[in-house]
Structures are given as structure tokens and as C-alpha cells.
Amino acid sequence: MKILIQISFLIVILFTIVSSIEAQQSFTAIITDPQIGSENRDVFFNEIIQNINQRPNIDRVIVLGNLTANGSYEEFDRAAELLNSFAVKYFVAGGPNDYLLSELNGFEITRLWGDNKFHITANGYDIYIINTVNKYTSNGYIDIETLDWVKDNLENTDSLILVFSFYPVNKKVNNWYKFTNNFAAERIIPITPDFGRKKKREKEKTGTDEIRTNRLSASKVWSYQLLSFVNDSLYIYNISAKDSIPKLISFLPIKKVKPVSRVDSTALLPYSKNLSINWQVDFGITTESGVLYSDNKIFIANKNGVITCLNADGSKKWSYETNSTIKTNILRDKDLIIAAGLEGDLFTVNANNGDPVQVIGAGETISSNITMIDIVYDNMKTKGIIFGTAAGNIYCYELYSLEMVWDGYLSDYKIVSVTKAGKDKIVLKDSKGTIYCVNSSNGILIWKWKAKVKTANSFFNSDVISDKNQVYISGSDGVVHCIDLLLGMEKWKRKIFSTGKLSFTNDKKYIVTRTAKNKIALLSLKNGKVKKEIKLPDDLKEHKLNFITAEKEGIYLGFDNGILYRINKKNKIEKIIFSGVSPLISFNKMNSKKFIINNLDGKILEIAEK
């Protein structure tokens, strides 16, 4: 009897497959994680293109996950060349390789295809293709621009919504409920690359049904999936070099998908009665630049290149549009604000009124932060601005004239950080983790050093910090290294499983780092010995730490869950404030009673503590 039931089930499945194909149902083709640029991927992709173009019932193609292998311009251009061979429309939902490894932080997708988010109205359902990759989060983030864009597309949206993204839209993703609240009482199905997570365990954590598609990068032959919506059910078929006949691999009746419930979340929550929020400003624009607090004024720059000055009470004093993309810190010297645009422009703006002073183009993508140093130029003591580019070059410009003082080539890889070290040295780091020490007066390389690790991790990023005599960095294996600033030789190393965030304690006696064991560790500057380890709450295990700031009152920690923590003088961890579900970006102490924080959604808060 059991065998008959199984045979009957197989007959039903086979009939469904044949019927749907013979009825010429419309399909969406899904190519997952192709990683153009890696071995055999171009060949595989060409085979897929030919196969898809031969099928008349495919309406569109969606490329989901890592489009490129390394995020290079050459890989993007090659991918565009291949994709343009499709006979139907195609759409790209990129992955970490495209957003975190590329020169323009994923802007290449917008440059090539007009946007990185798309809305498609299909027969009986709607498709939303969005980006959920961001370097400030561990589990994904939906930016404020995407949330605004979704609202503009709601009018014609059906009751079934398929969301294609690298990180599935669920409770783990920052701003998830701001996205799903737009579709309350409707059904959402996230579609995401299959990276082997256990579905049952994942659903228990997130409460979300999702469809996972097979990755081309994990296959020895070319393959892709077809999605069809028939009789209120979603069908996913696999097609590969081994079998060109569609094979059913997933079946989901829509009735089994629970409608979305509206979530009401507290936007702000101080955890102590001694805290009060003096003011808040919400720009509503993605802001990766930290707050600059100077002369009782607050300066900040957003992704759209607008530099804003706020008075001490949070009121706007002025703003200036650079028409550039600003993703890094801004600086101040006397009456000048200095900012760098991703596209390669260096700006100086009057700090008192926001009037532009000068702008100069470096002609290359600026990929690092900017640092100000003391220099001698034309026999005069002045200031220099140093930065690195995606081409591996470094530049120094005199601040007041914006004339180039020196330039130089350092690396085949993009420069990602610049750190002032000692009186006459600058330490720079490239995207592969090599650090370079150069003379700040002429840019001449003094030494270079790289941690020896068994397996490189392209996504690992360590802070580089320096005192007068040493440089400190973490390798991707979690080992913290102390490098002699003069000689470029390792003085000590300590395997502490550091996650890369490094800072000094307020007394400059210890290094503070977060470990993979979910602890804050204090290491001696002299020998790297662990002075103390402080366990963090278990619910922070999957959350990313974005900054460590040591003050007299304790060590402040800003996480991607929007919560500011503090380790007090008794080494106890305490929650300070929940600022919303957007990742925290920076912390600035104004005085012993007040501080400022800002988050990725463009919100700034001034908080007073009794």
C-alpha cells in the first residue's frame, strides 16, 4: 500500500511538470551566484545563455548573489557583456563580492544597469529585487532609500510578493519590519542563494518561509532554476548540463505561507532613567560618515554628498552639496571642513557658513579615509591631507592651496585605511591586509608588512591603530600583532580570535578588541598578554561591532542592532540606549554629561546623562 501511494505521488508530480511545461506557463529564470571571473564561469554562463534563449516561455532572468568573483571593473564589464546576450530582460541582485570587494562599493551595478533595486509586476504576483548587503551589518540591511522606493511602488502591488536578495528579508535583517510593514496582511516569500543553512532552524529563528536557489559557484556543471506560479503554488525547477529537462526541486502552496503581520517597534529606548534625549535629527539618507564635533558645532556628511553643520541645539546652521558620494570621515582645521568624494574629488568648505572654498580632482576612486598631518611646504609649516585610492596609489595635498605635495604607488590592491603614526610616519593598509609605512614628508616607503595566515579572508577588515612607537593590527586568523614602527618588525603577537575592531583604553595602557568568542579582551601594549576578558550578552553573538570608544566613564560599544553599550569602571556591561534597528556608526563625547551618536539611516542623537 505504501509503495502504491509513493508511485501515485510521483505520477502526480510528473503530471504537474509535464502539464505546466506543455501549457507554456511563463517562467522566471534564476541564475545564482555565478561569480564571473572565476574558473570556468564564463563558459558556464555562455551555456546558460544559449539554453535560456532557446526557451520561448521564459519572461525574464534574475541574477541572484555574487555576480562577480572579486568585484573588479573587468569582471563587471565582462558580466555586462554576457548578460546583454539574453533575449529577454534581466535584473541583478548582487552579493558581498560585488558590494564589499569592488572599487565603488557596488555602485558599479547602478552604473551599468541604472539602479540596484527593481520592481516587476508578473501574472498573479510581484517581484522586488533589492540589495541587503552592507559592511556595517552581519546579517543584512535594507537602506532608507530602498524603503522610500518601496512605498512609491505599492499602488500596483499584488497580494503575493517575491523578494530576491542576497540576505533573505527576515527578522535578522536590519530595517526588516520597515520593509514588511508595507505589505501587512499580504504574503512575502524571500528568495535567496542556498548556503547550506538548516531551513527548519532558520525558520524557527526568523519565522519566515523562504526559497533557496542552487548556486552556480558550488556546481561542477552549469545549472540554473526556473520559477513558475501555477494554481496558487510556486514551483522551482532545476535545469543543468546533465539534464536539460526541467526537474522539480521545490514546491510551495501559497496557502501555507502566513500573511505578514504589522510590527510596531519603539524607535528610541533609553535603558536608564538617568538618560534623556536632548534632541534628534533624522536626515533620512544613508550616512556612513561619523559625526565630527568641533567648536560646539556638529558636522556630518551623507551618502549623497551633502555636508551639514548643526548648532549645539540640533538646529541646522548650513549645508553644502558636493554632488559627490561621501562614505568616509570629514575633518576640520580652523575655518575649513575637508571631505573626500568616492569619485575622486577633495573638497574644502568654510566651516562658518558652508561656502565652498576649493575642490580638486585626484582622477581616481578615493577608497580610504582621509588623514591630516603636519608638513612643510614651500618652506612653510602647514597641513597636509593624505588618502589612498582604489588603484593602490597614495596622495598628499597641501590643505590651503590643494596643491599636490607628493604622490606614490603602493599596492596592486585598493588602499582601505590611512593612520597617522608618530611624528613623521603614515601607515596605510590595502584590501589584502598588507600595511605600508611611509615617510609623511615625501611619501617614500619605509617598510611593508603582512600577517602570515593559512587561509586568507577577503572580507576580513582590521582596524590599524598606532601609538608613538608601535603599530597594532589583527590578521584574519584572529591574531593581534604588534609591529615596531621604526623597523617594521613584529614585536609580539597574541592569538585572541580578534574580529578586527581595535582601540586603546583611555589610559593608553591596553588594546581593546572584540573576540569571536563574544568577549571584549584587554591586551597589554607591552607584551600582548590578556589583562581581562569581559563576556558580552549572548544575543550579541550574531551582531557586528562597529566602533569601540574608550572614555573616562568606560568603554562604549556600538553594534549593528542599534544598541549602544558601555563597559563601566567595574567591568560590567550595561545597555545605554536603543537608537532604532539601524546600525550605529559613531560616538562623540561632548563633555562629561553629554554625547552624540549617529546611525546608518542618517539619524543623529544628543543624549544627556545625569
Side-chain angles (χ1 to χ4, degrees), residues 135-137 174 267-272 274-283 286-302 308 310 312 314 327-332 369 417 419 463 465 499-508 510-514 520 522 534 536-537 540 543-569 571-610:
K135 68 178 182 178
Y136 294 101
T137 65
N174 292 92
L268 295 171
L269 179 62
Y271 290 104
S272 170
N274 294 326
L275 289 179
S276 61
I277 300 170
N278 289 346
W279 54 261
Q280 62 173 307
V281 175
D282 195 345
F283 291 104
T286 298
T287 304
E288 297 185 30
S289 173
V291 166
L292 171 64
Y293 178 68
S294 174
D295 193 24
N296 213 30
K297 299 288 189 299
I298 297 99
F299 302 90
I300 195 162
N302 63 39
T308 301
L310 302 177
K327 287 176 168 284
T328 186
N329 61 315
I330 56 177
L331 304 174
R332 181 179 184 178
N369 58 302
S417 73
T419 305
D463 292 331
I465 59 175
T499 56
K501 274 294 161 191
L502 304 174
S503 185
F504 294 118
T505 54
N506 196 54
D507 58 12
K508 300 295 189 292
Y510 302 97
I511 294 170
V512 185
T513 188
R514 194 252 186 111
I520 295 295
L522 274 62
I534 303 160
L536 294 171
L540 289 177
H543 289 286
K544 187 170 186 176
L545 176 62
N546 284 328
F547 63 77
I548 303 173
T549 305
E551 300 286 349
K552 290 181 180 180
E553 297 78 14
I555 300 170
Y556 291 86
L557 310 171
F559 284 85
D560 67 357
N561 61 359
I563 300 178
L564 178 70
Y565 292 79
R566 179 173 61 197
I567 299 174
N568 61 28
K569 293 180 180 179
N571 293 317
K572 301 294 183 182
I573 184 91
E574 53 187 3
K575 289 182 178 180
I576 301 299
I577 189 169
F578 170 66
S579 64
V581 291
S582 178
L584 286 174
I585 298 299
S586 74
F587 172 97
N588 276 261
K589 195 76 176 175
M590 303 174 73
N591 55 44
S592 60
K593 299 294 183 181
K594 292 191 296 185
F595 59 86
I596 294 175
I597 57 175
N598 74 300
N599 70 17
L600 193 56
D601 282 351
K603 181 185 292 183
I604 304 177
L605 302 170
E606 183 188 90
I607 299 163
E609 189 169 14
K610 296 178 183 178

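Along the sequence shown, the residues carry numbers beginning at 1.
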Q) Can you check side chain to side chain contact (heavy atoms under 4.5 Å, CB included) on Ile576 and Phe587, steps first, answer last? A) CA-CA 12 Å; Ile576 301 299; Phe587 172 97; over 6 Å; no
Q) Between Trp279 and Ile604, is any pair of side-chain heavy atoms under 4.5 Å apart? A) yes
**Q.** Note, Ile298 side chain near Val281 side chain (heavy atom, < 4.5 Å)
**A.** no
Q) Any side-chain heavy-atom pair from Leu540 and Arg514 closer than 4.5 angstrom? A) yes
Q) Out of curiosity, Ile573 CD1 to Ile555 CD1, how far, rounded to the nearest 0.5 Å? A) 9.0 Å
Q. Is there a donor-acceptor contact under 3.5 Å from the side chain of Lys501 to the main chain of Asp463?
A. no
Q) Would you call the rings of Tyr565 and Phe559 parallel, tilted or perpendicular, where under 30° means parallel and over 60° means perpendicular? A) perpendicular
Q. Does Ile520 reach the side chain of Val512, with side-chain heavy atoms less than 4.5 Å apart?
A. yes
Q: Could you grab the distance from atom CG of Asn302 to atom CD of Glu288, nearest 0.5 Å is fine?
A: 10.5 Å
Q. So Ile607 and Ile596, side chain to side chain contact (heavy atoms under 4.5 Å, CB included) or not? Walk me through it.
A. CA-CA 6 Å; Ile607 299 163; Ile596 294 175; over 6 Å; no
Q: Quickly, which of Arg566, Lys594, Lys593 forms a side chain to side chain donor-acceptor pair (under 3.5 Å) with Glu609? Name it, please.
A: Arg566
Q: Take Lys610 and Ser276 through the side chain to side chain contact (heavy atoms under 4.5 Å, CB included) test and state the conclusion after the steps.
A: CA-CA 8 Å; Lys610 296 178 183 178; Ser276 61; 5.7 Å; no
Q) So how far is it from Ile465 CD1 to Thr419 OG1, rounded to the nearest 0.5 Å? A) 9.0 Å
Q. In terms of side-chain heavy atoms, does Thr328 have a donor or acceptor partner in Asn369 at a distance below 3.5 Å?
A. no
**Q.** Backbone of Leu600 reached by a side-chain donor or acceptor of Thr287 within 3.5 Å
**A.** no
Q) CD/Glu606 to CD1/Ile597 distance, rounded to the nearest 0.5 angstrom? A) 11.5 Å
Q. Okay, side chain of Lys544, backbone of Lys135: is any donor-acceptor separation there less than 3.5 Å?
A. yes
Q: Check Ser579 against Asn599 and note the closest heavy-atom contact, atom names and distance.
A: O-ND2, 3.8 Å
(Q) Could you report the tightest heavy-atom contact between Tyr293 and Asn296, atom names first, then the distance? (A) OH-OD1, 3.0 Å
Q | Nearest-0.5 Å distance that lies between atom OG in Ser586 and atom CG in Asn598 | A | 3.5 Å
Q: Over all heavy atoms of both residues, which pair between Leu545 and Gly558 is shortest? Give the atoms and the distance, please.
A: CD1-O, 3.4 Å
Q. What residues, two or more places apart in sequence or in another chain, satisfy salt bridge (charged side-chain N to carboxylate O under 4.0 Å, His left out) together with Glu551?
A. none
Q. If we only count heavy atoms from C-beta on, is the Phe283 to Ile300 side-chain gap below 4.5 Å?
A. yes
Q) Hey, are the side chains of Phe547 and Leu564 touching, using non-hydrogen atoms and a 4.5 Å cut-off? A) yes
Q.
Just so I know, are the side chains of Asp560 and Leu584 near enough to count as touching, which here means a heavy-atom distance under 4.5 Å?
A. no
(Q) Using side-chain heavy atoms (C-beta onward) and a distance below 4.5 Å, is Met590 in contact with Asn278? (A) no
Q | Interatomic distance, Leu502 atom CG to Phe504 atom CZ [nearest 0.5 angstrom] | A | 8.5 Å
Q | Distance-minimising heavy-atom pair for Ser294 and Phe299 | A | O-CE1, 3.9 Å
Q | Pairing residues for Asp601 by the salt bridge (charged side-chain N to carboxylate O under 4.0 Å, His left out) criterion, not counting sequence neighbours | A | Lys178
